[in-house]
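Position 1 is the first residue of the sequence, and the numbers go up from there. Numbering of ligands and ligand atoms starts at 1, following listing order.
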Amino acid sequence: MSEKLWGGRFEKSTDEMINEFQASINFDKRMYREDIQGSIAHAKMLAAQKIISDDDAKKICAGLEKILAAIDAGEFNFSVALEDIHMNVEAALTEAIGTAGGRLHTARSRNDQVALDTHLYMRRQVREIQRLILELQTELVNSAEKNSDVIFPGYTHLQRAQPILFAHHLLAYFSMLQRDFARFEGVHARADIMPLGAGALAGTTFNIDREFVARELNFGAIYSNSLDAVSDRDYLLEFLSAASILMVHLSRLSEEIILWCSREFSFVELDDAHCTGSSMMPQKKNPDVPELVRGKAGRVFGHLMALLTTVKALPLAYNKDLQEDKEGVFDALDTVKFSLAVFAQIIAGMKVRRENMRRAVEEDFSNATDAADYLVKKNLPFRQAHEVAGKLVHHCIERGVYLKDLTLAEFKKFSPLFDADIHDAIKPETCVASRNSQGGTSPQQVKVQIAAAHDWIKAHGNDNC
Ligand code: ARG
């Protein structure tokens, strides 16, 4: 006879190594709170439907609360032989309260139970991620406001392109994170569907009340097909997709910060408390945190690929393959949360070296578009204006000067349309201020973005999240 909860039809107990291979307790124990919460709701429903007695339900609920307290206090012995969190809790319950414990699993299978636990767990975790996104967004806006007059070169092809406000650049990341937030809202919506009552796959012979359980656990919807309820892992795939895209964003900002910290750029300096030194080279101050976040992006993408591959071509309904969903998802959760939290600190402690940014704008030709636009405003077709400005740049490069160093007479040699106001037109401040189109980099537009960002944070903070 096997000692397992499902041991009835077995003559032998499970091989030791097989036990260990198939057990998930070492990682699914982190869902103990959800498992107990789900079981309490289930027991209450069973009693309300007269499937078990009120007395048994009371015993079950009180027993489960005690187990919860024991696990919280670190006083619970998890057993690999009991496979997973579901059977660990159930066995402890039966040991504590006797036969009533054996009634808890009525009208339920571990297949719908694990789905319920994971839905509850994801719902809670997604809110935590959204809170951390808001925290990082807040630091980005703070830094944008603190440095609202700092001009730096905007890049394309990693070549200096046009002068922009540094705040504008930071706010681009705010916008990306806004979309991330919305994607996690979608993950939440898909996790907010109640699977319990699907049984192993086909529903149950008992007169259960799924609405009751959904109400108890505050679910917005109920799976309408029992096979789908136990087989669906879309919400986890969506989580891993959203997490991957978020990590793409963090990796891009990481890469930029790493470049900006280099001596070659010297645009920012990270707080000493956020960097590490070298065991050999005494001068080093390394941007480890953004480097690690950049690196960790890869492992989150890996988890997405792994789960897509696990679910691909998997026949309905539950298959043990699905147990493989958890480790990757949990690791992605930890990685994303940790990355967001450290990144908020990095941004908060990041010193902006405005003089170096300024120099990078002045000692280059990122104002060449403005010289061309100047001529266009004097009615020269843009193509011709582009040509004139290109020749000006070429002329400057040959002489080792910048556009601002040319006299009006020299400008006029390239086009008679140049007037005394050309020098003002190509000043970094003018270049930035005149890009006042909606969503552009002018201080006026950036102010609009900052105000909208504050509103957005306020609207999505605390209450909603
Ligand atoms: N530990 C399992 C999992 O995570 C729970 C469901 C087990 N169901 C079963 N029929 N063996 O997927």
Side-chain angles (χ1 to χ4, degrees), residues 2-10 12-15 17-39 41-42 64 67 71 76 78-94 104-125 191 193-204 213 223 226-237 239-240 303 306-334:
S2 161
E3 68 290 350
K4 301 273 192 197
L5 294 186
W6 40 253
R9 63 101 61 221
F10 288 78
K12 280 194 199 169
S13 43
T14 319
D15 178 272
M17 190 164 77
I18 302 299
N19 238 347
E20 204 169 314
F21 182 68
Q22 60 127 0
S24 53
I25 186 62
N26 287 330
F27 48 88
D28 66 18
K29 65 180 169 205
R30 71 154 86 186
M31 301 194 301
Y32 71 91
R33 197 168 298 134
E34 287 73 21
D35 192 72
I36 289 172
Q37 191 189 3
S39 287
H42 180 64
L64 287 170
I67 292 170
I71 302 179
F76 188 90
F78 292 103
S79 148
V80 171
L82 288 165
E83 284 185 39
D84 52 30
I85 186 62
H86 326 297
M87 294 203 291
N88 267 268
V89 170
E90 194 188 321
L93 180 70
T94 303
L104 170 61
H105 211 52
T106 313
R108 185 175 75 169
S109 153
R110 271 186 300 152
N111 298 350
D112 57 347
Q113 186 180 359
V114 71
L116 176 68
D117 294 5
T118 317
H119 279 75
L120 287 168
Y121 187 76
M122 285 310 294
R123 238 179 27 174
R124 186 157 64 87
Q125 292 296 323
I193 309 173
M194 213 283 294
L196 206 72
L201 74 162
T204 169
V213 177
Y223 277 91
S226 63
L227 293 167
D228 184 39
V230 289
S231 311
D232 176 31
R233 295 297 182 271
D234 291 1
Y235 65 110
L236 299 181
L237 289 170
F239 160 70
L240 290 170
H303 294 316
L307 187 58
L308 282 169
T309 313
T310 297
V311 180
K312 175 184 175 291
L314 200 66
L316 300 184
Y318 181 86
N319 297 272
K320 189 82 168 202
D321 313 42
L322 291 175
Q323 179 169 288
E324 281 295 301
D325 59 359
K326 285 173 211 65
E327 282 166 291
V329 164
F330 293 160
D331 184 67
L333 270 170
D334 295 344

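- Listed by atom number, the atoms of ligand 1 under 4.0 Å from D84 heavy atoms are 1 (N), 2 (C), 5 (C).
- Regarding atom 1 (N) of ligand 1, its nearest protein heavy-atom neighbour is Q323 OE1, 2.8 Å.
- Taking a cutoff of 4.0 Å between a charged side-chain nitrogen and a carboxylate oxygen, D325 and R233 qualify as a salt bridge.
- Interface of S24 with ligand 1, defined as ligand atoms under 4.0 Å from a residue heavy atom, comprises 1 (N).
- Distances below 4.0 Å separate heavy atoms of K326 from the following atoms of ligand 1: 3 (C), 4 (O), 12 (O).
- Ranking the protein heavy atoms by distance from atom 11 (N) of ligand 1 puts R110 NH2, 3.5 Å first.
- The distance from ligand 1 to the heavy atoms of Y318 drops below 4.0 Å at these ligand atoms: 2 (C), 3 (C), 6 (C), 7 (C), 8 (N), 9 (C), 10 (N), 12 (O).
- Checked options I67, L82, D28; the residue passing with N88 is L82 (criterion: side chain to side chain contact (heavy atoms under 4.5 Å, CB included)).
- Separation of atoms CG (N111) and OH (Y318) is listed at 6.0 Å; rounding is to 0.5 Å.
- In this structure, L64 CG and Q37 CD are separated by 11.5 Å, a value rounded to the nearest 0.5 Å.
- By the side chain to side chain donor-acceptor pair (under 3.5 Å) test, D321 pairs with no residue at all, sequence neighbours left out.
- Checked against a 3.5 angstrom limit, the closest N/O atoms of N111 and ligand 1 fall inside it.
- Interatomic distance, M31 CE to H119 NE2, rounded to the nearest 0.5 Å: 11.5 Å.
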